[in-house]
Amino acid sequence: MTRYRLLQIVLVVLVLAYPLVVAGSPVWARLGALVLLAAIGASAWNIVGGYAGQVSVGHSVFFGIGAYSAVVTYTHLGLPPIAGAPIGMALSVLVAAVIGVPTLKLSGHYFSMATIAVAELVRVLSSTSEFLGGAQGLGGPPVPRGVLDLSFISATPYYYIFLAVLAGLLWLTHMIERGRMGFYLRAIKDSERAARSLGVSAGRYKLYAYMLSAAFTALAGSLYLTMFGFVDPESGFGILISVKMVVMAALGGAGQLFGPLVGALILVPLEELSNSYLGGQGAGLTFVVYGAIIVIIARFLPSGLLSLLDRRRPTAPRASKTVDGHAD
Amino acid sequence: MSMTLVQVVVSGLLLGAVYALFSSGLTLIWGMMNVVNFAHGDFVMLGMYTAVMIWTALGGGPWASVPAAAMLIATLGIASYFLLVRHIMRGPMLAQILGTFGLALFLRYGALWTFGANFKTLPDDLVGHSFILAGIRFEGARVLAGVVGLVVTLLLHLLLTRTAIGSRMLAVSEDATAAQLMGIRPQRMQALAWGMAGAATGIAGALIATFFYTSPTVGETLAIVAFVTVSFGGFGSVLGALVAGLVIGVVESLSAYLIGPVYKDVIVYILFVLVLWFRPQGLMGKA
């Protein structure tokens, strides 16, 4: 137990000191920030996709809403982009309710297909919208007007902002995991019919998880905009945005607190490496590798990498793990 | 009804027959083993590239590319079944969805890497020139695609409902264990279903390539068309897919004509969401 505690302390110190350790290298500082940003998105997906077992492949809708809310707040209102974050989160919760009420009734594949269709619908519509800059997209402040614009040359400030948001999100997820809602969500995931018959209002809890997940995905989108300063339909609403969230969570371990972070730690450096070494051609190859990784996880490691750790450490405290079963 | 409108409806029907053909592949697998092939659109895309390659490398038209695409995609389907689907279909939901989704990404970006992002088109007059019949203009390529699509879809329907093989496949989809006790090998039947679905999809792809641009990401849109068709027609019903495919073809060309080409996808997506909303099991599907 003390060794476990010591390991935790060392990890926390390492995470906090990371930008100082790599101070000389902007590339590494940027990589750290990107990993954390991806982990925020994937952890947000994890709430509904991992814990509740509702595999949304359309979370780019919320990511795009967050990014566009931030940029529109700047271009149309002249405010700092980050002021659009709460707007994006509120809007996403609303949109999640509108999408979720009909689609969460669907089980398994049907829900995934519906979320893909909605995301594609939104992407096509956004590229025809004058207000959102059409297919060209919109850019944030070219020159920072003040610290509130959150426009920094160094990646270190982003690192700490993203770290704080991720820590908050993981804390919240941890609280849900340990509380009544986490218990309900696991029950729904294992067998929705059984959960219902025990009096869990499955529909309502799935919707709560979906809305919460949407809010934090939108926050990830707004943060993305502050760092990159630009969004277009493909980088906001594109299907690959959703895919990355799903893959990171699944690789690390969907429905596990640190699963998405582990996935991001592996996949983001991989993507950056292949992009920088293979140039324009690399973008295609990155997703070939992504595809191969997904197939391999699905085939050989459906519970993700963290499940390997679990097997080796059978005494680890696991909250009420029920036997794997299927709803139908 | 004005002549232009008739023209639009006719081209919608011809397009719809091709939609029906590749959707019947999806519905066959779905109905038989309750697995959604998220890579289905990318199977169509590969069928299209087969036609493009056969034209650019050998100068062959649809007479060569249709059989070639059928065999190639059928092989791909059977390989996917044995290497991937067979193992994930009893796993958790996330693994089922991720499995074919990962395959989709692999094929889509593999095609991007191999063929480049540029759109490729076959020559307009590859299948013959357009002609005018009863005041309606027909394009050779679309007529061929529509007629072959209709015939192959009907043949598939007959194969599934009127032959011994079809009965065996139905038996496996109803109850694999019981079928096994009757001396039917479920895995063989399921592999056969993947092969037949692949062949239908490959044929459809090779036909679409004769009148539509071919690009690595074209499967994304086509997959959604197939999802709409299948959910509209009822899961597992090839005849349902035929009717739904024709309806969606007409809806698409009407909305392109009446509202604007950009919105034809939008209308189809909205239709899909509405079907899922009001009738998640499909118009004729089982609960």
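In what follows, every chain begins at residue 1, and chains take the letters A, B, ... in the order their sequences are listed.
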Under 4.5 Å from any heavy atom of chain B - which part of A/Leu240 | side chain
Qualifying residue, where the test is side-chain contact (heavy atoms from CB on, under 4.5 Å) with A/Ile294 and the options are B/Thr100, B/Leu103, B/Leu98 | B/Leu98
Which portion of A/Val289 sits near chain B, non-hydrogen atoms under 4.5 angstrom = neither
From OH (B/Tyr269) to CZ (A/Arg123), nearest 0.5 Å = 6.5 Å
Looking at A/Ala250, A/Gly49, A/Gly291, which has the largest count of heavy-atom pairs under 4.5 Å with chain B?
-> A/Gly291
Measure B/Leu83 against the heavy atoms of chain A and call it side chain, backbone, both or neither at under 4.5 Å.
-> backbone
Which atoms of A/Thr128 approach chain B - backbone, side chain, both or neither, heavy atom under 4.5 Å | side chain
Would you say B/Phe106 has more than 12 foreign heavy atoms packed within less than 6.0 Å of its CZ?
-> no
When A/Gly50, A/Ser127, A/Ala117 are compared by non-hydrogen pairs under 4.5 Å with chain B, the top option | A/Ala117
Would you mind reporting whether B/Phe101 and A/Val55 have side-chain heavy atoms less than 4.5 Å apart?
-> no
Examine whether an atom of B/Val35 lies under 4.5 Å from a heavy atom of chain A, and if so say whether it belongs to the side chain, the backbone or both; otherwise answer neither.
-> backbone
Which bit of A/Ile239 comes within less than 4.5 Å of chain B, counting heavy atoms only: side chain, backbone, both or neither?
-> side chain
Side chain, backbone, both or neither of B/Ile88 within contact of chain A (heavy atoms, under 4.5 Å) = side chain
Between atom CD1 of B/Ile224 and atom CE of A/Met113, what is the distance when rounded to the nearest 0.5 Å?
-> 10.5 Å
Residues B/Phe38, A/Ser112; criterion side-chain contact (heavy atoms from CB on, under 4.5 Å); working and verdict | CA-CA 10 Å; B/Phe38 281 93; A/Ser112 300; 3.9 Å; yes
Atom pair CZ/CG of A/Phe287 and B/Leu105 - distance to nearest 0.5 Å | 7.5 Å
Chain B contact via A/Val243 - which portion, at a heavy-atom distance below 4.5 Å | side chain
Output the option from A/Pro302, A/Ala298, A/Ala254 having the highest count of non-hydrogen pairs under 4.5 Å with chain B.
-> A/Ala298
